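Because the structure is a prediction, the values reported are computed rather than measured. So that the names make sense, note that chain A is the first sequence line, chain B the second, and so on, each numbered from 1.
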4 protein chains.
Amino acid sequence: MTAVQERSKTRRQRLLDAALEVFTSHGYSDAAIDQIARASDTSKGGLYFHFPSKQALFLALLGEASAALLTDVETAMAAETDPLARGDAALREVLHAFGGHRLLARLLLIDAVGAGKEFAVKLDELHAAFAALIARCLDDAVAQGLIPPQDTRLAAQAWYGAVNHVVLRWLMTGEPRRLEDAYPALRRLLLFGVTGASQEKVR
Amino acid sequence: MTAVQERSKTRRQRLLDAALEVFTSHGYSDAAIDQIARASDTSKGGLYFHFPSKQALFLALLGEASAALLTDVETAMAAETDPLARGDAALREVLHAFGGHRLLARLLLIDAVGAGKEFAVKLDELHAAFAALIARCLDDAVAQGLIPPQDTRLAAQAWYGAVNHVVLRWLMTGEPRRLEDAYPALRRLLLFGVTGASQEKVR
Amino acid sequence: MTAVQERSKTRRQRLLDAALEVFTSHGYSDAAIDQIARASDTSKGGLYFHFPSKQALFLALLGEASAALLTDVETAMAAETDPLARGDAALREVLHAFGGHRLLARLLLIDAVGAGKEFAVKLDELHAAFAALIARCLDDAVAQGLIPPQDTRLAAQAWYGAVNHVVLRWLMTGEPRRLEDAYPALRRLLLFGVTGASQEKVR
Amino acid sequence: MTAVQERSKTRRQRLLDAALEVFTSHGYSDAAIDQIARASDTSKGGLYFHFPSKQALFLALLGEASAALLTDVETAMAAETDPLARGDAALREVLHAFGGHRLLARLLLIDAVGAGKEFAVKLDELHAAFAALIARCLDDAVAQGLIPPQDTRLAAQAWYGAVNHVVLRWLMTGEPRRLEDAYPALRRLLLFGVTGASQEKVR
DNA sequence: AATGAATGAGCGTTCATTCAT
DNA sequence: TATGAATGAACGCTCATTCAT
């Protein structure tokens with residue numbers, strides 16, 4: 001990487017950092033390009049040199065955040081071999097990643113949601129990627145006889161939705177203080193959900 | 001109620017209907033007051049007679065939608081006495097209500113989320129009310145020995161989040177075609193999750 | 001016309017007047033909407049209530065100016081019956097109209113020309129309308145044997161171009177001081193041009 | 001001229017060529033420096049090395065185009081001795097030059113006109129030079145008794161305007177297909193115009 | 001000589017809100 | 001009550017120009 005590319009990368013990164021800050025504190029629509037430029041110690045023109053539009057900037061941010069999150073989770077899962085342990089690792093890592101990056105959580109779980117049709121696709125990709133990761137675990141677990149056969153796609157979504165909502169509550173109400181504290185109870189619920197109890201107990 | 005009040009109520013309702021339509025098809029920020037006025041066969045001035053601001057209109061809409069949803073769910077729950085049957089009824093009713101009112105689902109699950117800080121409180125109230133409803137079921141079930149003791153608040157949130165996300169997927173991808181079709185699998189997951197399996201199977 | 005329409009028309013007219021002033025003093029591109037709004041004692045929003053865009057405002061101005069000019073010329077021509085006298089009247093009226101409305105002349109002969117492709121059509125219509133007016137005179141004159149058969153379309157264009165250019169010189173250099181002073185010499189040239197001299201003299 | 005100067009000249013010419021292309025296809029205001037730089041296989045910085053501003057670039061282009069046109073016409077006129085034959089040669093050459101260089105015609109007759117006050121002077125110089133050329137012919141013709149005494153300045157302008165407008169029509173509507181086809185009729189009109197017919201025929 | 005990243009003033013346009021009628 | 005003309009602050013974006021390399 002040449003010195004020029006280096007500097008350019010720096011500027012681009014500064015812009016993304018500032019954008020994350022501003023978008024998450026005001027919401028997509030209420031975030032002004034001017035504000036982002038100011039927050040990144042750059043000029044409006046400079047921003048538009050690196051990103052062709054506000055939408056593209058947000059999209060880039062979404063892409064980087066999604067990729068970073070997915071990478072983290074995949075890495076954590078790769079360390080385990082047992083299917084359920086991998087699901088467990090995914091849960092732990094998601095809570096850890098979001099817990100350590102509040103803004104990233106806000107971006108993906110709040111700001112991206114109501115931002116407009118243009119971002120629904122990107123968000124959908126993230127959801128799909130996550131659901132696929134979990135569904136794979138569950139499919140493996142079913143294959144190994146660890147859990148009973150079931151609709152693993154839907155279970156994966158429910159899994160993801162449950163985690164999301166706990167994170168959302170944490171974002172909105174601040175409870176639990178440390179997001180990771182939700183781990184034990186959440187783990188229990190999710191595992192039990194897919195493990196299944198005897199029919200007699202439920203009926 | 002006088003005739004004038006009656007007509008006023010009609011107008012107000014027309015405005016709310018139009019607002020639901022426009023807000024859910026464009027998102028809060030991109031929805032124009034002009035559009036809502038036109039869609040409701042009223043004028044901008046007329047809208048401002050009934051609602052003091054765009055924000056207030058959206059808030060009123062959120063309020064009505066939330067209340068309607070909660071009422072439906074509470075009614076459905078009241079028909080059952082067994083705690084777990086009441087939770088089951090809640091699930092069925094939520095899927096039914098959202099499945100029958102796509103716009104309402106969009107409003108609460110998508111548009112209200114990224115609309116801005118001003119609406120976070122309202123959304124929080126809805127979440128809290130729902131969580132309380134479910135948590136009460138679970139507490140009762142624990143008290144009656146139907147399920148093991150657990151963090152019922154968190155379980156309620158996970159429950160709600162799982163349902164939300166399934167509805168969200170339905171909104172975004174159209175799957176499953178009929179939202180109610182998700183009921184059996186979702187029911188199984190949620191009940192098993194709170195019922196708990198034997199420790200041996202999980203470990 | 002109701003009082004509201006009356007006021008609206010007034011405002012619209014004020015906007016057109018201001019637009020003429022600003023467009024002709026800065027050129028289309030360098031004229032700022034802000035300036036026009038200020039010059040018309042209105043607000044930018046008010047301007048956009050009456051005209052959907054800068055382009056549309058300029059187009060409306062061109063339309064009104066063209067129409068006014070054409071009407072004047074047609075009226076002047078209608079007073080004459082002899083074909084050549086009608087052409088003569090057209091010349092006199094054009095010089096008179098432009099001479100009395102410097103801004104209108106600038107608008108049509110200078111500002112509209114380089115303003116962009118979008119206005120070429122409108123300008124073309126004006127040119128075509130004028131050329132048709134003159135060509136009709138010449139055709140009649142040919143039919144009555146007043147002038148020899150010739151390419152009347154092209155002659156009409158040459159006629160129009162000659163007048164245009166004299167007006168243009170007047171706009172740019174201020175000569176002659178009174179535009180109407182160019183009438184006698186111009187009349188002579190144009191009439192001789194179409195009347196035709198004996199072949200012997202030319203060869 | 002050194003090799004470096006040679007290369008510089010080449011670069012300068014490439015810039016002028018690209019500028020002609022871009023200015024005539026977008027108009028002065030809508031032509032972007034970026035576009036010109038790209039079209040000339042240079043950079044923005046490179047452009048600014050050769051020309052201090054957009055205005056100066058356009059002015060240089062105007063100057064070169066004007067000079068080229070005038071040189072062509074003067075050369076063509078120099079080949080003739082008879083005053084009216086020289087005017088005739090001028091007409092032929094103008095139609096030929098514009099007919100063969102559509103972009104040059106656009107530049108001088110359309111783009112330069114509405115581009116702004118800064119270019120009015122340059123345009124005026126061109127008009128004046130042309131008018132002087134024609135006026136000289138006419139003065140000579142008067143002196144030699146070939147045409148009757150008249151306002152030769154104004155006649156020259158009318159001459160020029162008529163030609164201009166025919167070229168303009170060709171640019172805007174594409175008629176006649178070959179600009180040179182307008183020559184015979186135009187020649188007849190212009191010569192007759194200055195030659196003058198007997199008063200009897202006109203009255 | 002040449003590059004292209006960076007600047008920042010300025011523009012056309014939008015839209016929630018107001019208010020005379 | 002209801003209307004819609006009017007307001008004006010704010011926004012996303014452009015682009016001629018500069019300058020470190």
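- Picking from dG8(F), dT3(F), dG12(E) the nucleotide with the shortest atom distance to the side chain of S43(C) gives dG8(F).
- The 5' end of DNA chain E is approached more closely, in terms of each residue's nearest nucleotide, by S53(C) than by the other of S53(C) and G45(B).
- The side chain of F49(B) lies closest to dT1(F) when the candidates are dT7(E), dA16(E), dT1(F).
- The residue A31(D) sits close only to the backbone: its heavy atoms come under 4.0 Å of sugar-phosphate atoms, none of a base.
- Contact annotation: K54(A) reaches the phosphate of dG12(F) (side-chain N/O to OP1 or OP2, under 4.0 Å).
- Taking atom CG of residue D41(C) and atom C1' of nucleotide dT7(F), one finds them 13 Å apart after rounding to whole Å.
- The residue among Q55(A) and T42(C) whose nearest nucleotide of DNA chain F is located toward the 5' end is T42(C).
- One interatomic measurement links the two molecules: CZ of F51(D) to C1' of dT17(F), which rounds to 16 Å at whole-angstrom precision.
- Each of P52(C) and D30(C) has a nearest nucleotide on DNA chain E; the 5'-most of these lies closest to D30(C).
- In this entry dA1(E) has no Watson-Crick or G-U wobble partner, no candidate having both defining distances under 3.5 Å.
- Between the P atom of dT13(E) and the CD1 atom of I36(C) lies a distance of 11 Å, rounded to the nearest Å.
- Across the strands present, dA20(E) finds its partner in dT3(F); the criterion is a Watson-Crick or G-U wobble pair with both atom distances under 3.5 angstrom.
- Residue Y48(B) has its side chain nearest to dT18(E) when only dT14(F), dT18(E), dT13(E) are considered.
- Taking the six-membered ring where the residue is Trp, the centroids of F51(D) and F58(D) are separated by 6.0 Å or more.
- K117(B) contributes no side-chain N or O that, together with a main-chain N or O of G27(A), makes up a donor-acceptor pair within less than 3.5 Å.
- Counting to the nearest Å, the P atom of dA10(F) and the CG atom of D34(C) are 14 Å from each other.
- Checking side-chain atoms of T71(C) against main-chain N and O of L69(C) turns up no donor-acceptor pair under 3.5 Å.
- Going from atom CD1 of I33(B) over to atom P of dT14(E) covers 17 Å, rounded to whole Å.
- Remark: P of dA16(F) and NZ of K44(A) are 17 Å apart, rounded to the nearest angstrom.
- Rounding to the nearest 0.5 angstrom, the gap separating the OG atom in S66(D) from the CG atom in L123(D) is 7.5 Å.
- Relative to the six-membered ring of Y48(D), K54(D) misses at least one condition, a distance below 6.0 Å or an angle of at most 45° to the axis.
- Not one side-chain nitrogen or oxygen of H50(D) sits closer than 4.0 Å to the OP1 or OP2 atom of dA1(E).
- In this structure, R11(C) reaches the dT7(F) phosphate: one of its side-chain N or O atoms is under 4.0 Å from OP1 or OP2.
- Distance CG (L57(A)) to P (dC13(F)): 10 Å, rounded to an integer number of Å.
- L15(D) places its CG atom 13 Å from the C1' atom of dT3(E), with the value rounded to the nearest Å.
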